[in-house]
2 protein chains.
Amino acid sequence: MTLNQNTFTGEFSYSLDTKGRLNIPAKFRNVLSKKNKNSFVITKGMDPCIWIYPLVVWQNIEDELKKLSSLSRVNRSFVRSTVRYTSTVKYDKQGRIAITQNLIDYAKLKKEVLIIGMVNKIEIWNPKLLSNAEKEFHEIKSSELDELANQIIL
Amino acid sequence: MTLNQNTFTGEFSYSLDTKGRLNIPAKFRNVLSKKNKNSFVITKGMDPCIWIYPLVVWQNIEDELKKLSSLSRVNRSFVRSTVRYTSTVKYDKQGRIAITQNLIDYAKLKKEVLIIGMVNKIEIWNPKLLSNAEKEFHEIKSSELDELANQIIL
DNA sequence: ATAGATTATGGGTAGATGTGGTTAATTATC
DNA sequence: GATAATTAACCACATCTACCCATAATCTAT
């Protein structure tokens with residue numbers, strides 16, 4: 001009985017343990033549909049963070065990747081750079097997933113970690129990286145952000 | 001039943017308890033349609049306050065957010081800056097919802113709280129912040145406010 | 001005016017949740 | 001094939017949250 005299926009909102013301050021395990025907030029696990037088989041797909045984000053997709057959402061992305069022609073050097077490079085960071089992970093009885101070392105390095109994760117719902121995916125951030133990145137960006141792009149808010153927020 | 005479905009007017013002085021719970025005025029709860037499943041969506045306002053939407057109203061906003069491509073840095077930042085403050089909350093038997101800590105911080109809420117009907121959403125203010133903000137704004141923009149009144153009031 | 005219903009607010013408790021650690025299973029290495 | 005190293009499954013516990021009950025104040029209706 002969930003209200004918003006496969007939809008993630010809110011932010012949570014969690015900790016990465018010494019084995020590289022990370023608990024996924026119960027709120028996020030509980031909105032997953034049965035089809036996801038208790039699994040997520042973790043991959044590299046376009047910002048310096050980790051992106052986590054429900055299995056069924058990732059499968060759509062994967063279908064798109066398959067359509068890309070291997071004749072294009074750009075395509076090959078793009079597919080390679082994302083897929084090498086990608087893996088499917090099941091969460092354990094306590095709701096934790098194992099984060100791969102290359103992703104921990106990419107997102108520069110330490111013990112303290114910020115988990116952010118991004119509607120159809122989840123982001124994992126080093127809190128310091130996030131606040132630095134967002135502060136600069138909002139100063140530069142405030143007008144474009146206002147424009148978006150104007151279009152969407154009722 | 002109700003005359004103006006999902007429409008909120010009037011203001012109320014309520015208190016945030018030590019557990020971060022806030023009672024939603026019965027007048028506001030009773031105006032919700034069945035489709036809302038006794039739930040609201042709380043999020044960050046564009047002023048230093050909290051915005052509360054009926055679930056069904058938020059779902060329209062969410063649909064728009066889902067359409068934004070993650071390829072755009074501006075889109076990602078926009079989604080992040082709003083959705084990280086967003087959560088769906090069911091009210092308990094007494095009509096209270098739990099306000100998340102990041103929103104309490106953002107709106108600088110103390111015990112005393114002002115709840116304001118804003119037609120299709122509800123605002124939660126720290127009374128002091130509101131009077132300061134409104135005082136400044138009216139001094140600066142009084143002509144524009146008159147203009148708006150002219151357009152809308154019949 | 002008064003009884004009954006509704007509403008706002010406070011507090012208690014059982015179950016859910018987050019986190020650390022231990023043991024078993026699997027994979028890798030020599 | 002034996003052993004070390006890595007990963008996965010299991011257990012324990014402190015904390016937190018959702019849900020329940022209680023009470024005082026306010027409103028409604030006869």
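By convention in this document, chain letters (A, B, ...) are assigned in the order of the sequence lines, proteins followed by strands, and residues within each chain are numbered from 1.
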TODO: Taking the side chain as every heavy atom from C-beta outward, state whether A:L65 and A:F78 have any atom pair closer than 4.5 Å.
DONE: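 Yes; the side chains approach each other to less than 4.5 Å.
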Please report, rounded to the nearest Å, how far the [atom2] atom of [N] is from the [atom1] atom of [X].
X     : N      : atom1 : atom2 : result
A:N23 : C:dA16 : CG    : P     : 16 Å
A:K93 : D:dC13 : NZ    : P     : 16 Å
B:R96 : C:dT6  : CZ    : P     : 18 Å
A:K27 : C:dA16 : NZ    : C1'   : 12 Å
B:I99 : D:dC16 : CD1   : P     : 19 Å
B:F12 : C:dT9  : CZ    : C1'   : 17 Å
A:D92 : C:dG20 : CG    : C1'   : 12 Å

Among [options], which is the nearest nucleotide to the side chain of [X]?
X     : options                : answer
A:N30 : D:dA9, C:dT17, D:dC10  : C:dT17
B:K19 : C:dG21, D:dC20, D:dC19 : D:dC19
A:A26 : C:dT19, C:dT17, D:dA8  : C:dT17

Open item on the list: I'd like to know if the side chain of A:N75 reaches the main chain of A:L68, judged simply by a donor and an acceptor atom lying under 3.5 Å from each other, with no hydrogens or angles considered.
Closed with: no
TODO: With DNA chain D as reference, determine whether A:A98 or B:A98 sits nearer its 5' end, using the nearest nucleotide of each.
DONE: A:A98
TODO: To the nearest 0.5 Å, tell me how far A:E139 CD sits from A:E134 CD.
DONE: 11.5 Å
Open item on the list: For A:F12 together with A:F28, are the ring centres under 6.0 Å from each other?
Closed with: yes
Task: Near-ring test A:F40/A:Y53, centroid separation under 6.0 angstrom - done: no
- [ ] Return the 5'-most residue of the pair B:I24, A:R21 with respect to DNA chain C, ranking by each residue's nearest nucleotide.
- [x]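 Checking each residue's closest nucleotide, the 5'-ward one belongs to B:I24.
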Open item on the list: If you compare every side-chain N and O of B:K111 against the phosphate oxygens of C:dG10 (OP1, OP2), does one of them come in below 4.0 Å?
Closed with: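 Affirmative; the distance criterion is met.
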- [ ] Give one of base, sugar-phosphate or nothing for A:D17, where a contact means two heavy atoms less than 4.0 Å apart.
- [x] sugar-phosphate
TODO: With heavy atoms under 4.0 Å as the rule, sort B:T18 into base, sugar-phosphate or nothing.
DONE: nothing
